[in-house]
Amino acid sequence: MINNLRFELSFKNISQLENKLNFCKFNKIKNINIPCKGNIKKELFTSTIKYISRNFPELNVTYHYSLYHQYSKNKKNSYQNFLDFIRNANSKRSYEVLLVSGSNKKKNFDAINVLNNIKKEKNLNVKLGIAHNPYLKKYYKINTERERLEKKISSGLINSIWLQFGTDINVIKDEVTYLQKSEKFEKINLFGSLLIPSKQFLARFKFRPWKGVYISDKYLYSLDDFYSFTRDLVIFYKNNNITPIIETDFTSSEKMDLICSFLGIER
C-alpha cells in the first residue's frame, strides 16, 4: 500500500511545490520527505515549511535539515537557527526532522557536534532522525561511519535511521544485521532509500553520479539487472521492517503507474 511508503519531493519554487503536493493529495500520498539541498535551502526551505503547514496540514512530513546548506555566518548563529527550528517543530508537532551534516561537513559543526550540544539544552524534548551510509567503508574507503553512528545514537535523541541507497545487497544485509543485534538500535525506526530504475535515471546518473551513492556498472549498464536487484532490495526492506523512501521522481501519472506496477501495489 502507498501508506507503507515515503516519497521525497524535489522542486524549484513554491508554485512547483504546490502542483506536486496537489498530485500527492489526488493520489492519497501523505508520507513525504522534503530534502534540504540544491534550490531547497535557506529562504525556500523556510517558505516551504510555512506553506505546507498552512495549506497541507494533513501530510506526514519529514524535513531534512542540512547543517551545511543551512549554515549562516558562523557556528553560533547556525546552531541557534537550528535550535529555533527544532523548538518550533517540537511545539507544533507538525513534522519530523532528519538531521544531516551535508555532503561537505563544516569543521566542528556536523551532526555529532550539534547533537552533543542539543542534549545539554533544558526543556527540550526532541527526537531526530539521522542518515547512515553503509557503503562508505567498502567503496569510498571511509572507515568512520559506524563510529559516527554510535556517537549519534549515544546522544539519546535519535528516533530513526535513514539508510543510504547502494547496489551491494550483502553490504546492506550486513549493516542491518549489525543494527538488529545491538540493543542500542532496538527501538529505532529504520528507513531505506529506494531508487526506481529507468533509462532516464541511468542516463542522468552516468552523467552526474550522486555523491556517496554506490551503483555498480553491472546495474548502470543493464536495466533488467537493476530491476532484479531493486526487487530483491524491496523484499529485504519488507522482511526487516524497513520503510522504503522513494527518491526518484513520482509526480506524474506515468511515473506513479511505473512505481506502483514495479512494487505491485494499487494506486
Side-chain angles (χ1 to χ4, degrees), residues 6-18 20-21 24 31-56 59-90 92-115 117-118 126-133 148 152 155 157-165 189 191-195 208-213 243 245-251:
R6 298 198 66 87
F7 294 83
E8 183 173 297
L9 272 180
S10 293
F11 49 92
K12 295 180 179 179
N13 51 51
I14 294 297
S15 177
Q16 193 177 79
L17 171 65
E18 180 182 20
K20 292 192 173 189
L21 288 176
C24 291
N31 303 323
I32 69 167
N33 282 48
I34 302 294
C36 182
K37 59 185 179 182
N39 294 316
I40 311 171
K41 57 188 176 186
K42 300 293 177 66
E43 185 177 342
L44 180 56
F45 187 68
T46 301
S47 298
T48 295
I49 297 169
K50 292 179 180 178
Y51 179 82
I52 293 178
S53 297
R54 183 170 61 248
N55 297 285
F56 294 87
L59 293 177
N60 175 15
V61 187
T62 295
Y63 288 99
H64 304 191
Y65 193 101
S66 169
L67 297 172
Y68 175 76
H69 287 302
Q70 294 301 99
Y71 193 85
S72 179
K73 296 181 181 179
N74 53 55
K75 289 184 291 184
K76 182 178 180 181
N77 191 64
S78 299
Y79 174 72
Q80 187 59 51
N81 287 344
F82 178 67
L83 188 58
D84 292 341
F85 177 82
I86 289 298
R87 283 178 171 149
N88 186 52
N90 192 45
K92 293 187 176 182
R93 194 62 178 87
S94 57
Y95 48 83
E96 301 289 338
V97 179
L98 167 58
L99 177 64
V100 294
S101 296
S103 56
N104 297 304
K105 299 179 181 65
K106 292 286 186 180
K107 186 177 180 181
N108 298 323
F109 189 73
D110 64 4
I112 293 174
N113 302 128
V114 169
L115 287 169
N117 288 329
I118 286 287
V126 64
K127 289 291 184 180
L128 302 167
I130 52 171
H132 180 55
N133 190 338
R148 288 178 56 80
K152 293 173 188 177
S155 69
L157 302 172
I158 305 307
N159 183 62
S160 59
I161 297 173
W162 299 70
L163 300 168
Q164 178 64 280
F165 182 82
N189 299 316
F191 296 85
S193 173
L194 188 63
L195 302 176
R208 185 174 294 174
W210 297 0
K211 187 171 183 179
V213 176
T243 302
I245 170 172
I246 309 295
E247 291 196 47
T248 41
D249 186 41
F250 63 94
T251 52

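Residue indices begin at 1 and follow the sequence shown.
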What closest approach, in Å, do Y63 and T48 show between heavy atoms, and which atom pair accounts for it?
OH-O, 3.9 Å
Judged by atom type as modelled, is there a donor-acceptor pair below 3.5 Å linking the side chain of N77 to the main-chain atoms of S72?
yes
Find out whether L9 and I40 are in side-chain contact, i.e. whether some heavy atom of one side chain is under 4.5 Å from a heavy atom of the other.
no
Measure from the side-chain N and O atoms of K127 to the backbone N and O of V97, and report whether any donor-acceptor pair falls under 3.5 Å.
no
Residue R208 excluded, over 12 heavy atoms near CZ under 6.0 Å:
no
Is a side-chain donor or acceptor of Y71 paired with a backbone partner of K75 at a separation under 3.5 angstrom?
yes
Between CD1 of I86 and CG of L83, what distance do you get to the nearest 0.5 Å?
8.0 Å
Going from CD1 on I52 to OG on S47, what distance comes out if it is rounded to the nearest 0.5 angstrom?
11.0 Å
When you measure from the side chain of D84 to the backbone of R87, do you find a donor-acceptor pair of N or O atoms at a distance under 3.5 Å?
no
Taking all atoms of both residues into account, what is the closest heavy-atom pair of S78 and F109, and its distance?
CB-CZ, 3.6 Å
All heavy atoms of P35 vs all of S10, minimum pair found to be CG-OG, 4.3 Å
Hey, could you give me the CZ/CG distance between F82 and N117, rounded to the nearest 0.5 Å?
10.5 Å
Hey, does the side chain of N81 reach the backbone of Q70 with a donor-acceptor pair shorter than 3.5 angstrom?
no
Report yes if the distance between the aromatic ring centroids of F85 and Y95 is under 6.0 Å, otherwise no.
yes
Quick check: do T251 and F7 have side-chain heavy atoms less than 4.5 Å from each other?
no
Taking the side chain as every heavy atom from C-beta outward, state whether W162 and T62 have any pair of such atoms under 4.5 Å apart.
yes
Would you say the side-chain atoms of S155 pair up with the backbone N or O of K152, donor to acceptor, closer than 3.5 Å?
yes
If I compare all heavy atoms of L67 with all of V114, which pair ends up nearest, and what's the gap?
CD1-CG2, 3.6 Å
So which atom in Y51 and which in I14 form the shortest heavy-atom distance, rounded to 0.1 Å?
CD1-CG2, 3.9 Å
Is it the case that the side chain of R6 and the backbone of N60 share a donor-acceptor pair, with hydrogens and angles ignored and the cut-off at 3.5 Å?
yes
Would you mind reporting whether T243 and N189 have side-chain heavy atoms less than 4.5 Å apart?
no
For K12, is the NZ atom crowded, meaning more than 12 foreign heavy atoms sit under 6.0 Å from it?
no
Interatomic distance, CD@E8 vs OG1@T248, rounded to 0.5 Å, equals 9.5 Å
Calculate, to the nearest 0.5 Å, the distance between atoms CG and CZ belonging to N33 and F191 respectively.
8.0 Å
State the CG-CD distance between N31 and E96, to the nearest 0.5 angstrom.
11.0 Å
